[in-house]
Structures are given as structure tokens and as C-alpha cells.
Amino acid sequence: MKHTGNQRKVNSFMPFSLLPITVVRHTRFFWCLFFLGGFVILAIGLGLRDPWPADEPRFALNALEMLKTGQFWFPHRAGEIYPDKPPVFMWAMAIGIALTGSVRWGFMLPSLLAAFGTLFLVADLTKRLYGIRIALLAGVALLSTFQFALQARTAQIDMSLTFFTTLGAYGFLRYSLIDAKNIWWYVSWIAMGIGILTKGVGFLPLALIPGWILFYKQGVVHHPAWKQYIKGFSLLILTVSLWVVPMVLIATFGDDSSLTAYRDNILFKQTGERYANSWHHLNPWYYYLASVIPWAWLPLILAFPWLIKHWQRRLRRRDAKIWMPLSAILLILLFFSLSPGKRGVYILPTIPLLIWAVAPSIPGLLQQKGLNYLATFTIIAISGTLLTAGVLGGYGVS
């Protein structure tokens, strides 16, 4: 067998047995470099601003009052109980402020760490499914998705929720598609429990289960025994109970009527009643399709004309790696669309699922001339609009 000059040169300096070690080292180097760069990108602006209305000042004041009074079980603001959300996000913000000694540096830490954790989970699962090259492309796609990049720099509760829902989905998908290790099954249910304590809809990873059952019947994915469903659901209930049970006992048997009102509000009004009979943010059923997805999923939304054909081929091949996250996205959109109250930020947890559904198509999409022209035109149009608005604003024209 003849060797080329390059092959002889490599072999003369490096034994063949060392080549895999070198490849692994280079892979680890680029992998670590990617996450370092991702963290820097997400952290841009940290510590440079104060909380912005309307949500950020409320959460920051809740966290400051926790640190001042030591009352962590029931969030308060200006001495009055804050009944709208569970306390996990306020706990995280209080820890951030305590560790940094500064509101400016600490109030953004939960969103930053949640965004970075989401980036890691998305890239890691993609690497295990498709390899490191596509994983790096998927990570770049996540970092460039408009709503994700925006919320990573916003001290709202939804980025933390997205991390826990992504962790739940990661565990489900890793169990069913990769190694079927029980630890990932149980991690999913615990993550959903913490997600519920962060914001009531932390159970969103359950949207993966219908597609999971469909592909299991076709013999495509791993599926747990029914007793594991019981164990998983028990872990979710136990996780939620760690805060809910003491909160209910304190509110029920105490003599503070505001705590009783908090109990009723957080358990009933802010959950089932808010979903079924919302009293604000009222929008039509097509709100997400018409008014949110076109900007929130940029630039990925531009590729949908090409992606739809790709997804159809994958469905015919019974590719669970694509259709499990894709079916979950459709169910989550349906779930939020059925509620009269809608906000654009509610669908943030769908973006990691979207990246997993798009990931193997990214190399091919980058070769599409039509998509490149469309992306270039969109960038120019958005940049021109923002520039025009900035110039007019500078001259006082509204």
C-alpha cells in the first residue's frame, strides 16, 4: 500500500497509536473553547445596568427583602407578600446578590447561568446524537436565536424555567434515544418538579411522551416500565412537596391572613384559573403563530421552507430524534394557544427543542443559496429599520 507524502510526514513524527489521543485532545480543546466563548457572549452587559421595569425591579426587591428579613419561604416586597410566583427564582436572585454584594451584578446571574446551562444541555445531547461538528453548529444556532439571546440578558423568570424544562427534556431524550439509564429518567422528573416551583408550567417536558409512546410501539426508542412512570411521578410530587407542604402548613395553621391568601393564590389562581380564565394579556388563539414566532425564532424561522421537506423525509424514516422534539413543540404551542392569556415569553422553552429538531439539517441549510440570500436580505432590512429608528429618535421624531 502506498503512502502519500503527508501520511509519511505524519507517521514520521507521530506513532499511529497516538493519533486518536491527539484528536481527542483537539476535540476537547475546541469543545471547551466553544463553551468559554458562549459564556462570554451570554455575559456581555453583566453589571452594567439596573433592573428595568416592569418585572425585573419586582424580583430584585423580593430578593433584597429576603436577604434583609431572612423570610425566604414567602416572598415579600415592601413588607407586603408577593403572591404571583413561587419563590425559587427569587431565591436564586438573592443568592446572586449575596455572592456578588451588588444588585447590578447579582440580579442577572440566574438568567445568565440558566442560559449557559441550557446551551450546555442542547450542545451535549446534540453531540451524543450527531457528533461534535453538528453540536457546535447547534450551539451557535441557539446563541443566535433572537428570543433566547434576548431573555438570557433579562432578569425574568422564564430563562430559569427554560433551563429546568430543557433539563427535563434532555433526560427524557437521553434515556429514550441513547443509553436508557434510569438516572436520566429520574433527573427529568426532578427537573420538572423544580421547574414547577420556578413557574407553574414546569411540566412542559411531558409533551415529549405522546411521541415517545408512538415510536416505542414502532420499536424505535427505549421505553421505561410502567413502575418507572410511578417512581418518576413520585419524585416530581416529592420535589414540589419540599416547598408546597411546609408552605401550606404554615399558611393554614398560622394566624396571618395574608399567608392564607398567598396559599390560595399560588395554588389555584396563578395556576388553573390563570390558564383557563386569564384576566390579562388576552390575545387570540393565533397570537403565537402570527405575532411571536416570526420574530422569536429568527433566524431559524427563515429556514422553514427547506426544513419542512427535511422533516417529512425524517418522519417517513421514523426518525424519533427529530419527531419527538418536534411533536413536543406542537403540543406546547397548542397548550398555550388554548389559554386566553398569552405572552410571547411563554414559548421560550420551545427553542431548545427546536434546535434539536433542526440540528442535523444545519450543514445542509448552510449550503442553500436561496436561504443565504433570504437571510442577507432580512439582516439588511432589520438593520436598516433599527438604524432609521435610531436616527429619527436622535432627532426627536417619534
Side-chain angles (χ1 to χ4, degrees), residues 42-69 71-72 74-115 145-163 198-201 258 261-262 265-266 269-270 274 278-283 287-288 291-292 295-296 298 336 339-349 351 382 385-386 389-390 392-394 396-398:
L42 292 170
I44 290 174
L46 184 69
L48 298 181
R49 67 176 180 87
D50 295 317
W52 287 343
D55 294 332
E56 291 181 350
R58 290 190 308 220
F59 294 132
L61 289 172
N62 287 329
L64 288 170
E65 191 136 348
M66 286 179 175
L67 295 172
K68 180 180 178 180
T69 64
Q71 172 56 274
F72 287 86
F74 295 88
H76 285 74
R77 183 183 63 195
E80 296 183 358
I81 201 160
Y82 180 73
D84 289 357
K85 296 292 184 292
V88 167
F89 182 67
M90 281 77 86
W91 290 347
M93 190 176 288
I95 292 171
I97 294 173
L99 289 176
T100 60
S102 166
V103 173
R104 274 195 164 191
W105 283 96
F107 87 102
M108 287 287 293
L109 276 181
S111 292
L112 168 62
L113 296 178
T145 303
F146 188 84
Q147 190 178 46
F148 180 84
L150 175 66
Q151 291 300 317
R153 294 167 179 80
T154 304
Q156 290 180 305
I157 205 166
D158 297 274
M159 183 52 74
S160 295
L161 170 70
T162 297
F163 168 73
T198 304
K199 195 173 183 178
V201 293
S258 66
Y262 176 87
N265 189 81
I266 206 73
K269 186 176 180 180
Q270 294 296 329
R274 183 166 187 165
S278 185
W279 52 91
H280 59 173
H281 304 300
L282 302 179
N283 287 291
Y287 172 71
Y288 293 112
S291 302
V292 180
W295 65 264
L298 279 172
F336 283 121
S339 173
K342 302 173 182 68
R343 293 183 66 190
V345 76
Y346 290 173
I347 66 167
L348 180 65
I351 291 178
I382 293 175
T385 301
L386 294 175
L392 293 176
V397 179
S398 59

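The residues of the chain are indexed from 1 along the displayed sequence.
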Locate the shortest heavy-atom distance separating Asp158 from Lys199; write the atom from each residue and the value.
OD1-NZ, 2.7 Å
Between the side chain of Asn62 and the main-chain N/O of Arg58, is any donor-acceptor distance below 3.5 Å?
yes
Mind checking whether Ile97 and Leu67 have side chains closer than 4.5 Å, heavy atoms only?
yes
Mind checking ring pair (Phe, Tyr, Trp, His ring centres under 6.0 Å) for Tyr82 and listing every partner two or more places apart, or none if nothing turns up?
none
Does the side chain of Trp52 reach to within under 4.5 Å of the side chain of Pro57, using non-hydrogen atoms?
no
Go through it in stages, so that I can follow the logic: the residues are Gln151 and Thr154, the test is side-chain contact (heavy atoms from CB on, under 4.5 Å), and I'd like the CA-CA distance, side-chain angles, deciding distance and then a yes or no.
CA-CA 5 Å; Gln151 291 300 317; Thr154 304; 4.0 Å; yes
Residue pair Ala114 / Ser160: nearest heavy atoms and the distance that separates them:
CB-CA, 3.7 Å
Just do the side-chain contact (heavy atoms from CB on, under 4.5 Å) check on Leu48 and Arg104 with the steps written out, would you?
CA-CA 7 Å; Leu48 298 181; Arg104 274 195 164 191; 5.7 Å; no
Rounded to the nearest 0.5 Å, what separates atom CE in Met90 from atom CZ in Arg77?
10.0 Å
Check Tyr262 against Pro87 and note the closest heavy-atom contact, atom names and distance.
OH-CD, 4.3 Å
Considering all heavy atoms, the nearest Ala94-Ala63 contact:
N-CB, 3.6 Å
For residues Val201 and Phe336, determine if any side-chain heavy atom of one lies less than 4.5 Å from a side-chain heavy atom of the other.
yes
Any side-chain heavy-atom pair of Leu46 and Leu112 under 4.5 Å:
yes
Only counting residues at least two apart or in another chain, list the ones meeting ring pair (Phe, Tyr, Trp, His ring centres under 6.0 Å) with Trp105.
none
Kindly compute the distance separating OG (Ser258) from NE2 (His76), expressed to the nearest 0.5 Å.
5.5 Å
Could you check if a side-chain atom of Pro349 sits within less than 4.5 angstrom of a side-chain atom of Leu161, using non-hydrogen atoms only?
yes
Measuring from atom CE of Met66 to atom CG of Leu61, what distance do you get when rounded to the nearest 0.5 angstrom?
12.0 Å
With side-chain contact (heavy atoms from CB on, under 4.5 Å) as the criterion, how do Arg49 and Met108 come out once you've worked through the C-alpha distance, each side chain's angles and the decisive distance to 0.1 Å?
CA-CA 10 Å; Arg49 67 176 180 87; Met108 287 287 293; 3.5 Å; yes
Measuring from atom CG of Leu348 to atom CD1 of Ile157, what distance do you get when rounded to the nearest 0.5 angstrom?
12.5 Å
If you measure from OG1 on Thr100 to CD1 on Ile95, what distance do you get to the nearest 0.5 Å?
11.5 Å
For Phe89 and Pro110, the nearest pair of non-hydrogen atoms, with its separation, is CE1-CB, 3.8 Å
Aromatic ring proximity, centroids under 6.0 angstrom, Phe107 and Phe59
no
With side-chain contact (heavy atoms from CB on, under 4.5 Å) as the test, would you mind laying out the steps for Ile351 and Thr162 before giving the verdict?
CA-CA 9 Å; Ile351 291 178; Thr162 297; over 6 Å; no
For the rings on Trp91 and Phe72, is their centre-to-centre separation under 6.0 Å?
no
Gap separating the CD atom of Gln71 from the CD1 atom of Ile81, nearest 0.5 angstrom:
7.5 Å
If you compare all heavy atoms of Gly341 against all heavy atoms of Tyr346, which two are closest, and at what distance to 0.1 Å?
O-CE1, 3.9 Å
Determine, for Arg343 against Asp55, whether the closest basic-nitrogen to carboxylate-oxygen distance falls under 4.0 angstrom.
yes
